[in-house]
Amino acid sequence: MSAVSSFNTQEVHLWNNPQQKTSKTLNYPQTYVATPRLAVGLNSVDMQSGTNQRVRAYDDDADSQKYTAHIDTWADSTLYSASIDSLIVKPANLDILTGQFSTEEDHPWNEPKLQTSRRINFERPFVTPPKVVVFLKSFDAGGGTSTRVRAYNSDVDAKGFTIHIETWSDTTLYSANAGWVAYPEDKDYIYSGTANTMDVRPWQDPQTQTHKDISFQ
């Protein structure tokens, strides 16, 4: 089966010593016969308010034993901490497809839009419509208002799906990048789903902690 790994900037420096670029080389749980594919996504962000909210997660220097995880910010943004999860797709798992889409493939960062979408065609079609998971890898949103960004999929069929990256209200989303993973809907031992704070409480009743129990089907 494929594996997962995690990385938090506070493994390298404390939150009160923010840095624009943070990276760490992570070993896989095993050595593979070839370089595996990686799907890296953000799962937490702590940034200073008052400037653009900018964060980017990515990987490089991957080989059969290890890879380097990066979490960066840029310009005048201050990133106190952030963390990522990485799905490590074994070379033999050819029925699991991965990819990414950036809003800058649709329009330049200085011409922001509220809604951006793109049809993604699988490099190899599935027999039946697969399960598709979409997650954020980076975003650059204007300061001075609430930071709002959403990534999701629609219109999934055996040949592809539509990926969406959106903001709303008075937020300016200059750019964002979303990754995706697609796998057969009958794949054993793989489960995926979504959780939303508004499953538990309305948006106008914010809380510092929100939780929901997840049961595997």
Side-chain angles (χ1 to χ4, degrees), residues 1-7 26-43 56-69 83-107 113 115-139 149-167 175-199 212-217:
M1 294 295 295
S2 298
V4 296
S5 69
S6 301
F7 169 57
L26 302 174
N27 294 318
Y28 304 133
Q30 67 182 81
T31 298
Y32 298 104
V33 296
T35 302
R37 286 168 292 137
L38 292 158
V40 176
L42 291 161
N43 65 25
R56 174 170 55 227
Y58 61 99
D59 65 272
D60 64 12
D61 297 330
D63 59 26
S64 62
Q65 296 179 309
K66 62 187 183 303
Y67 75 101
T68 301
S83 59
I84 62 171
D85 283 329
S86 302
L87 175 67
I88 305 164
V89 183
K90 295 172 66 172
N93 288 147
L94 298 179
D95 57 348
I96 300 177
L97 302 182
T98 63
Q100 59 182 325
F101 168 68
S102 170
T103 57
E104 292 186 89
E105 297 175 36
D106 179 81
H107 57 270
K113 298 180 179 180
Q115 299 178 333
T116 306
S117 63
R118 174 69 59 86
R119 184 69 185 174
I120 302 295
N121 295 314
F122 298 132
E123 57 184 292
R124 295 182 300 276
F126 290 84
V127 176
T128 59
K131 298 289 188 181
V132 177
V133 180
V134 172
F135 47 90
L136 283 171
K137 296 173 64 69
S138 73
F139 58 85
V149 59
R150 174 171 54 215
Y152 64 98
N153 68 78
S154 68
D155 303 319
V156 179
D157 61 35
K159 295 182 179 180
F161 68 98
T162 300
I163 192 167
H164 303 262
I165 301 176
E166 299 178 352
T167 189
S175 66
N177 189 348
W180 58 268
V181 175
Y183 63 93
E185 52 88 19
D186 58 351
K187 183 82 171 175
D188 289 334
Y189 309 116
I190 297 183
Y191 304 91
S192 60
T194 62
N196 190 317
T197 56
M198 290 194 289
D199 296 339
K212 178 181 179 181
D213 293 330
I214 304 295
S215 299
F216 298 124
Q217 299 300 318

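Below, each value reflects all heavy atoms present in this structure, side chains not excepted, and no hydrogens, waters or symmetry copies.
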Looking only at heavy atoms, which two atoms of [X] and [Y] are closest? And how far apart?
X	Y	result
K131	S192	CB-OG, 4.3 Å
A34	P91	O-CG, 3.4 Å
F122	A158	CD1-O, 3.5 Å
T116	H107	OG1-CE1, 3.0 Å
Q100	W180	N-NE1, 3.4 Å
I96	V181	CG2-CG1, 3.8 Å

[atom1] of [X] to [atom2] of [Y]: how many Å apart, nearest 0.5 Å?
X	Y	atom1	atom2	result
L87	L38	CG	CG	8.0 Å
T98	N93	OG1	CG	11.0 Å
T68	Y58	OG1	OH	9.5 Å
T162	D155	OG1	CG	4.5 Å
N121	F161	CG	CZ	9.5 Å
N43	L136	CG	CG	11.5 Å

Please confirm whether the backbone N or O of [Y] pairs with a side-chain atom of [X], one donor and one acceptor, at under 3.5 Å?
X	Y	result
K137	V40	yes
S64	T31	no
Y191	S215	no
Y67	D60	no
R124	L97	no
N153	V132	yes

Could you check if a side-chain atom of [X] sits within less than 4.5 angstrom of a side-chain atom of [Y], using non-hydrogen atoms only?
X	Y	value
S5	I88	yes
T197	D199	no
S175	T103	yes
I163	V134	yes

Please work out which of the three classes, parallel, tilted or perpendicular, describes the rings of Y152 and H164, given edges at 30° and 60°.
->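 Rings of H164 and Y152: parallel, as their planes differ by under 30°.
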What do the steps show when you test T167 against F139 for side chain to side chain contact (heavy atoms under 4.5 Å, CB included), and what is the final call?
-> CA-CA 11 Å; T167 189; F139 58 85; over 6 Å; no
Can V156 and F126 be said to form a side chain to side chain contact (heavy atoms under 4.5 Å, CB included), step by step?
-> CA-CA 11 Å; V156 179; F126 290 84; over 6 Å; no
Determine, step by step, whether N177 and R56 satisfy the side chain to side chain contact (heavy atoms under 4.5 Å, CB included) criterion, reporting the C-alpha distance in whole Å, the side-chain angles of both residues, the deciding distance to 0.1 Å, and the verdict.
-> CA-CA 8 Å; N177 189 348; R56 174 170 55 227; over 6 Å; no
Report the C-alpha separation of I84 and F135 in whole Å, then their side-chain angles, then the decisive distance to 0.1 Å, and conclude whether the side chain to side chain contact (heavy atoms under 4.5 Å, CB included) test is met.
-> CA-CA 11 Å; I84 62 171; F135 47 90; over 6 Å; no
